[in-house]
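Contents: one structure, followed by commentary.
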Protein chains: 2
Amino acid sequence: MSTSGRGLHGRVLDALGPAITAGEYPPGSVLRTDELAQRFDVSRSVMREAVRVLESMHLVESRRRVGVTVRPKAEWNVYDPQVIRWRLAGADRPQQLRSLTVLRSAIEPVAAGLAAKHATAEQCAELTECALGMVANSKGHRLEGYLLHDIAFHRVILNASGNEMFARLGDVVAEVLTGRTRHEVMFEDPDPAAVTLHVRLAEAIRAGDAGHAEELTREIAEGALQELDILAP
Amino acid sequence: MSTSGRGLHGRVLDALGPAITAGEYPPGSVLRTDELAQRFDVSRSVMREAVRVLESMHLVESRRRVGVTVRPKAEWNVYDPQVIRWRLAGADRPQQLRSLTVLRSAIEPVAAGLAAKHATAEQCAELTECALGMVANSKGHRLEGYLLHDIAFHRVILNASGNEMFARLGDVVAEVLTGRTRHEVMFEDPDPAAVTLHVRLAEAIRAGDAGHAEELTREIAEGALQELDILAP
DNA sequence: ACGCCAAGAAAAAGTCAGACTTATTCATCA
DNA sequence: TGATGAATAAGTCTGACTTTTTCTTGGCGT
């Protein structure tokens, strides 16, 4: 699933990226390309390419005669899927999960409202199918199947919104949902109320009722937020 | 203002990035590193670094024995500030402006609601100051001063929301507002109703009234969306 | 003795050129 | 049809050189 398994520079990134985002090198830390190249046992060319990528993510800044300095967290490109993945895998996973869920609570209701207006017949069918899949997997510890349909459900809505910025959040939502199921405490079956809301949401979108779709999505988001408060108050 | 004026690879990016995002090389196009290096008169090392950055933005994909292929627009990292800047400067500027405004309409109301709860006294003061600045520059074609205060106003709210993902949208909002003032038809003074809404919003946040702040921001966003519909229906 | 500015030295990134490796695709032939 | 091999373009490494920025040092005036 990791994008950057390819090539030597990818492996360096897979080591350096998580280390930086985890705060292993605090902001202001200075790294030197040559030293890093030695440490990771790669040539300077490869290391330079890796540094360039980190620089494009605003994780570091490279300056002559100084070295590669780690930038403060506030300047990172936190919407970069790679950065999100690194942070979700590291120390500030809780904070990342929280801020992403708040982001979802802002985006998804609006996206659902737009989807109600723009969704094609095919998308509506897919949506209903996903909702049914969620229902079918909602009992008896079938978390894996439930998760897959949940992800697909939200992805279809984001795509159907017709807004490219919303659509690109599909992967982020997938990461959040996966993380919640796999790493957090999630031994019990999903909340029946949430399942019902998804079914009704699919119906509202099919009916073209934007206001209702928006409201239902707000309730779903509210549930996700409360879930977070329960886990880490 | 452009981030990547630094270094040779930055200049290559400033040429290649806009070209790709503008659709000059349609998705599926194949470029070769060597050829590009010749065209831009740089060494392969430099060109490789540039390609790596484009790859990390998911604008292109580099494969052995094939070359550097342009990825479909749906896969681009459209939240990357650099990509946003390139697209705003290029051909699909209208679409980009539209989707960003819709994004704002989703994010900012929620951010304002959170800001009402979390804003510090200092942030409230700054907010009021910005609102006053907008009022002071709302008459007599003082667009430049109005714009600056408008940008600062929204940035303070996003920061005060306490959500890092929201905070990072400050630059995006700045780009949108700047773009609207400078490039679109904006000869007249700003809408008096919008100015009033900003003043009331600052007051609502200072009073800690989350619901009111959210509602007022929705009205502001609604105005921005209608403005777009008027310009390009 | 103290502070200040200019000239030079040092350090690390930036750039380049060339040789070599490796994976992938395509064409050929059994 | 399926295996073999040739072609190709990215990937990697090395070493030398350039450029920019920072630190040091020394000279000067007050």
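These numbers were taken from a predicted model, which means no experiment stands behind them. Naming convention: chains lettered A, B, ... in sequence-line order (proteins, then strands); numbering from 1 in each chain.
Remark: A/His198 pairs with A/Phe153, A/His154 by the ring pair (Phe, Tyr, Trp, His ring centres under 6.0 Å) rule, at least two apart or across chains. B/Arg39 is linked by a side-chain hydrogen bond (donor to acceptor under 3.5 Å, both in side chains) to B/Tyr25, counting only residues two or more places apart in sequence or in another chain. Applying the side-chain hydrogen bond (donor to acceptor under 3.5 Å, both in side chains) test to B/Lys73 and every residue at least two apart in sequence or in another chain returns B/Asp92, B/Gln95. Residues forming a side-chain hydrogen bond (donor to acceptor under 3.5 Å, both in side chains) with A/Ser56 (at least two apart in sequence, or on another chain): B/Ser56. Taking the ring pair (Phe, Tyr, Trp, His ring centres under 6.0 Å) definition, one finds that B/Tyr79 meets it with A/Tyr79, sequence neighbours left out.
Taking the screw axis at each terminus of the helix from C/dA1-D/dT30 to C/dA30-D/dT1 from five consecutive base pairs, the angle between the two is 10° to within rounding of 10 degrees.
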Where protein sits on nucleotides 13-18 of chain C, one letter per nucleotide: B base, S sugar-phosphate only, - none, heavy atoms under 4.0 Å: BBBB-B
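Annotation: ring pair (Phe, Tyr, Trp, His ring centres under 6.0 Å) contacts involving residues 157-182 of chain A, sequence neighbours excluded, are absent.
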Please tabulate, for side-chain N and O atoms in residues 124-135 of chain A, each donor-acceptor pair with protein atoms closer than 3.5 Å (sequence neighbours left out).
{"residue": "A/Thr128", "atom": "OG1", "partner": "A/Cys124", "partner atom": "O", "Å": "2.9"}

